[in-house]
Amino acid sequence: TLQLKLSNNKTKIVDIASEGEQKCIALAGFLSELIVDNRKSAVIFDDPVNSLDHLWRDKFANRIVEESKVRQVIVLTHDLPFLKMLEDTVSKHQTTIDIFAIRRHGDKSGFPMKSPPWETLKTAARIGKLKDQLPSMKKLYSAPDPEPFTNSAKNFYRDMRLTWERLVEEWLLKGVVERFNLEIKTQNLRYIDTIDASDNKIISDAMAKCSKFMHDNAAALGVTIPDYDEIEKDVHRLNTIANRFS
């Protein structure tokens, strides 16, 4: 049994260490055991970094990515910034990571999804998701009742706006500033190309259009949901711009 004590002090560590410090000690003890254990069985961490600051999160991310080179490491987490940190750490170590989502459906939970959460998807993957939705959107548009199409179109334009935002982060800003990322990657500034006025207008107009359909609007404003053909054109325009910047 592993037990830590303070030298020349009878006070228990749990009585003076913060929750985060106790978590660090527990993780350090477990990872130390892995070093002396000859078995290469998989290890599973369930929300391992709650209560840890960003410095310890970074250290832990590096440590488990190193461990993943000799055994399977499974991390269960709802912490998207930490997931982003893991992705970046995996990239630095030139290794791989598989990301899956577990969703709730109605009053039941535990449904595995083959794809990562939408929030973690890069531009190309998001555009792929939008394209996959087009056949069902076309079917709804042809249905007698317009309400299902209207509701789906609003959600569709919400996702399209989020995709434009991801394009700006990923391709125009070259990842210098990204949501869920704690650091500003100033070294990526050298990759940023000049954005001309026409590109700026295309992106600004597209995001403004998406925003217009995401929210409830007074009938007096004359805002109507685009038909299916226009939605399809908006997706292809997004795809064209993404391909040009990539």
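All of these numbers come straight from a predicted model, not from anything done at the bench.
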d(Ile202 CD1, Ile241 CD1) to nearest 0.5 Å is 4.0 Å

Residues Leu121 and Arg126: closest non-hydrogen pair is O-NE, 3.0 Å

**Request:** Could you tell me whether the side chain of Pro117 reaches within less than 4.5 Å of the side chain of Ile99, counting heavy atoms only?
**Result:** yes

Looking only at heavy atoms, the pair that brings Gln22 and Ala17 closest together is NE2-O, 3.0 Å

**Message:** For a 4.5 angstrom cut-off between non-hydrogen side-chain atoms, does Asp229 reach Tyr141?
**Reply:** no

ask   = Can you hop from Val49 to Leu80 via hydrophobic side chains spaced under 4.5 Å?
value = yes

Just checking, is any N or O donor in the side chain of Lys23 or Asn50 under 3.5 Å from an acceptor N or O on the other one? yes

Lys129 and Asp132 ion-paired at < 4.0 Å | no

Shortest non-hydrogen pair, Ser41 vs Arg71, comes out as O-NH1, 2.8 Å

Tested for salt bridge (Lys or Arg N to Asp or Glu O under 4.0 Å) against Lys84, the lone hit among Glu169, Glu178, Glu119 is Glu178

Problem - Under 3.5 Å: donor-acceptor pair, side chain of Ser91, backbone of Glu87 - result: no

Here the pair of heavy atoms bringing Pro112 nearest to Gly110 is CD-O, 3.2 Å

Practice prompt. Identify whether the distance between the nearest side-chain nitrogen and carboxylate oxygen of Glu67 and Arg63 falls below 4.0 Å.
Written response: yes

Check: Do the side chains of Arg57 and Asp79 get nearer than 4.5 Å, heavy atoms only?
Finding: yes

Exercise for the section: Say whether Val168 and Val235 are linked into one hydrophobic cluster, either directly or through other cluster members, by side-chain heavy-atom distances under 4.5 angstrom. Expected result: yes

Output for pair (Asp159 CG, Arg166 CZ), nearest 0.5 Å, gives 14.5 Å

Distance col, row Asn239:CG vs Ile127:CD1, nearest 0.5 angstrom, shows 5.0 Å

Heavy atoms of Phe45 and Ile64 approach each other most closely as CE1-CG2, 3.9 Å

side-chain contact (heavy atoms from CB on, under 4.5 Å) between Leu134 and Ile231: does it pass, once the steps are laid out? CA-CA 8 Å; Leu134 287 176; Ile231 291 176; 4.3 Å; yes

The reported gap from CZ in Arg161 to OG in Ser211 (rounded to nearest 0.5 angstrom) is 3.5 Å

In terms of hydrophobic clustering (I, L, V, M, F, W, Y; side-chain heavy atoms under 4.5 Å; direct or indirect links), are Leu86 and Phe30 co-clustered?
yes

Worksheet item: Ile74 and Ile102: same hydrophobic cluster, using ILVMFWY side-chain contacts below 4.5 Å?
Response: no

Do other residues, nucleotides or ligands put more than 12 heavy atoms under 6.0 Å from the NZ atom of Lys201? no

Next on the checklist: Counting neighbours of NZ on Lys69 that are heavy atoms of other residues, nucleotides or ligands and sit closer than 6.0 Å, is the number greater than 12?
Outcome noted: yes

* Given Thr123 and Phe245, is the side-chain contact (heavy atoms from CB on, under 4.5 Å) satisfied, shown in steps? -> CA-CA 11 Å; Thr123 305; Phe245 283 123; over 6 Å; no

Would you call Lys209-Glu230 a salt bridge at under 4.0 Å N-O?
yes

TODO: Answer yes or no: does atom CD of Glu147 have more than 12 heavy-atom neighbours from other residues, nucleotides or ligands under 6.0 Å?
DONE: no

Next on the checklist: Using modelled atom types and a 3.5 Å cut-off, is there a donor and acceptor pairing between side-chain atoms of Ser136 and backbone atoms of Gln133?
Outcome noted: yes

Report task. Verify the cluster assignment for Phe82 and Trp118: are they in a single hydrophobic cluster under the rule of side-chain heavy atoms below 4.5 Å apart? Result -> no

TODO: Report the C-alpha separation of Phe60 and Thr89 in whole Å, then their side-chain angles, then the decisive distance to 0.1 Å, and conclude whether the side-chain contact (heavy atoms from CB on, under 4.5 Å) test is met.
DONE: CA-CA 10 Å; Phe60 181 69; Thr89 305; over 6 Å; no

d(Phe111 CZ, Arg103 CZ) to nearest 0.5 Å is 13.0 Å

- For the pair Leu27 and Leu52, evaluate side-chain contact (heavy atoms from CB on, under 4.5 Å) and give the outcome as yes or no after the intermediate values. CA-CA 11 Å; Leu27 289 172; Leu52 301 189; 4.1 Å; yes

Taken to the nearest 0.5 Å, the spacing of Lys10 NZ from Asn8 CG works out to 11.0 Å

| query | Taking the side chain as C-beta and beyond, is there a heavy-atom pair between Ile225 and Phe213 under 4.5 Å? | reply | yes

For His54 and Met85 the tightest heavy-atom approach is O-CE, 4.1 Å

Can you tell me if CG on Asn38 sees more than 12 non-hydrogen neighbours from other groups inside 6.0 Å? no

Are the side chains of Leu172 and Ile203 in touch, meaning some heavy atoms are under 4.5 Å apart? yes

